[in-house]
Amino acid sequence: MDDAASVTTYQSRLGQIPADYYWRPDVLAAEIAHVFKPSWLCVGFAEDLANDRDFVTAQIGPHSIVVQNFGGELRAFRNVCSHRFSKIQCAKSGNRVLQCPYHGWTYDEGGRPIGVPLNKQSFGLNEADKSALALQSYALETVGHFVFVRMTNDGPDLRTFLGSFYDDLQHISEVCPDRFESESYDWAANWKLGMDNAAEGYHVPLVHADSFGLILSIDLQISTDADHSRYVGKLKERSLKWWANVGKSIKLQPSTVYPEYGNFLIFPNIVVTFSAGSFLTFQTFDPIGPEALRINSTSWLARNNGRAARGLVIDSLKTFSAQVRNEDAAICAVAQAGTREAGIRAPLLGELEGRIAHFQKAYARYMDGVTP
Ligand code: FES
Ligand SMILES: [Fe+2]
């Protein structure tokens with residue numbers, strides 16, 4: 001009787017993504033088409049796009065995306081020239097007209113090549129040709145700091161897609177205007193494995209025994225909305241004391257909505273952490289290969305008085321974040337290696353890993369009918 005019950009319990013706790021989906025190249029190709037293309041993806045930040053000719057780029061699998069400011073209007077396009085397919089904007093961000101670096105075709109806010117050097121002699125393109133040669137455009141919306149793009153024509157608007165996380169992103173943007181770090185890190189792990197790791201606090205006591213485990217209580221409240229999830233937890237006494245001192249020394253103005261610890265997982269690939277209502281990290285986990293991901297990470301601080309002590313606070317937040325991140329990178333590489341040996345069974349997900357189960361359900365729905 002006991003045996004039968006335990007078998008049932010174990011089977012009911014299996015997730016929905018088999019182990020081989022964490023390394024197969026054909027699965028990644030299917031994910032780009034069926035998960036990433038129809039989802040709203042964060043590709044940059046409003047403050048990097050504030051001025052005429054400002055641009056940001058993002059790379060999602062094989063897809064390069066550019067968002068460009070045209071006289072105050074933001075537009076998103078496939079970042080590939082209509083002439084002979086060169087990339088157009090090559091930096092991660094900058095200020096430059098939307099001009100191909102190869103032969104100098106220049107594009108307008110409709111994505112049309114309005115400037116074609118030696119057009120008469122070389123192509124004789126008329127207006128209709130130029131319209132037909134417009135760059136592929138993408139849907140674009142902004143909430144708070146965050147600029148989102150969707151590569152498919154049809155789909156829900158950003159507010160519908162994000163559910164209550166729309167207001168969360170607005171709120172944390174208002175509370176934390178002071179960006180102090182923008183970095184990218186490459187990990188030897190499938191992007192989903194990185195998301196799984198960010199989704200649970202179960203690994204914290206062991207993997208982060210000397211860092212995160214010292215400040216975060218394991219007692220986390222999980223909630224979900226749409227395809228996304230959050231957990232809200234308590235900081236330990238020593239961390240609360242540290243933040244109280246920091247708050248006094250640089251006159252922080254923290255959030256009252258998330259006064260201790262909040263963590264949001266926004267499908268498919270965004271991880272937000274929010275500590276003491278004052279310290280925000282915003283990360284996208286972009287696939288760069290079946291067993292490699294790139295984390296684009298920014299860190300922000302709540303409104304403060306900007307005095308010299310801010311530098312010391314930022315230094316210690318950077319040091320702490322780097323330690324936690326390096327611990328996660330190392331364990332994710334170890335876990336990734338294991339997926340190669342694991343056959344096709346899905347992982348076991350306990351109560352504390354409920355957010356992974358939620359992620360996997362959404363993933364299975366997006367991938368429905370796809371059998372790579
Ligand atoms: S490839 Fe872009 S102008 Fe030639
Ligand atoms: Fe971790």
Side-chain angles (χ1 to χ4, degrees), residues 55 57 64 66 68 77-90 96-108 111-125 129-130 132-136 185 187-218 220 222 229-231 233 235-236 239 261-265 270-275 279 281 283 285 293 295 297 299 317 319-336 350 352-353 355-356 359:
F55 72 87
T57 62
S64 180
V66 59
Q68 178 96 22
F77 299 107
R78 192 168 76 130
N79 186 28
V80 175
C81 182
S82 300
H83 176 218
R84 273 170 41 213
F85 317 124
S86 168
K87 279 196 182 179
I88 305 172
Q89 299 290 24
C90 300
R96 185 178 169 274
V97 291
L98 191 56
Q99 182 182 55
C100 180
Y102 202 171
H103 311 95
W105 285 32
T106 306
Y107 295 87
D108 71 4
R112 292 166 8 104
I114 44 160
V116 176
L118 306 175
N119 182 28
K120 266 198 192 128
Q121 301 94 309
S122 203
F123 300 99
L125 300 177
D129 293 330
K130 288 181 181 177
L133 287 166
L135 302 174
Q136 185 177 349
Y185 309 97
W187 287 11
N190 182 273
W191 70 276
K192 301 186 295 299
L193 201 140
M195 293 300 288
D196 291 351
N197 178 68
E200 49 94 351
Y202 186 37
H203 72 279
V204 170
L206 190 58
V207 172
H208 304 301
D210 299 322
S211 59
F212 208 28
L214 297 174
I215 66 153
L216 185 69
S217 149
I218 189 79
L220 301 165
I222 295 179
S229 64
R230 63 173 72 72
Y231 61 62
L235 295 174
K236 290 183 178 170
S239 176
Y261 183 74
N263 176 303
F264 314 142
L265 213 72
I270 294 171
V271 176
V272 178
T273 66
F274 193 34
S275 302
F279 172 36
T281 65
Q283 301 179 309
F285 283 46
L293 71 87
I295 299 182
S297 175
S299 302
L317 291 175
T319 304
F320 178 79
S321 299
Q323 184 177 348
V324 174
R325 191 173 51 246
N326 291 340
E327 289 162 353
D328 279 325
I331 199 63
C332 283
V334 170
Q336 180 67 33
L352 293 171
E353 291 149 306
R355 295 207 306 162
I356 302 179
F359 173 92

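Indexing begins at 1, ligand by ligand and atom by atom, following the structure's order. Being a predicted model, the structure only gives us computed values, none of them experimental.
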**Report entry** Nearby protein N/O/S atoms (those under 2.8 Å) for atom 4 (Fe) of ligand 1, with water ignored
**Finding:** H83 ND1, H103 ND1
Requested in this report: Apply ring pair (Phe, Tyr, Trp, His ring centres under 6.0 Å) to the pair F212 and Y261, showing each step before the final yes or no.
Outcome: CA-CA 12 Å; F212 208 28; Y261 183 74; 5.6 Å; yes
Requested in this report: May I ask you to test the F77-Q136 pair for a side-chain heavy-atom distance under 4.5 Å?
Outcome: no
Report task. Return yes when atom OH of Y202 has more than 12 non-hydrogen atoms of other residues, nucleotides or ligands closer than 6.0 Å, and no otherwise. Result -> no
Query raised in the report: Atom OG of S82 and atom CD1 of I88: how far apart are they, to the nearest 0.5 Å?
Result: 6.5 Å
Requested in this report: Using a cut-off of 2.8 Å, count how many protein N, O or S atoms are strictly closer to the Fe ion (ligand 2).
Outcome: 4
Requested in this report: Indicate whether any N or O donor in one side chain lies under 3.5 Å from an N or O acceptor in the other, for S299 and T281.
Outcome: no
Query raised in the report: Hey, what do you get for CG (L220) to CG (N263), rounding to the nearest 0.5 Å?
Result: 8.5 Å
Report task. Check whether any side-chain heavy atom of V272 sits under 4.5 Å from a side-chain heavy atom of R230, and report yes or no. Result -> no
Query raised in the report: Hey, does C81 have a side-chain heavy atom less than 4.5 Å from the side chain of Y102?
Result: no
Report task. Give a yes-or-no answer on whether the side chains of R325 and Y185 include a donor-acceptor pair shorter than 3.5 Å. Result -> yes
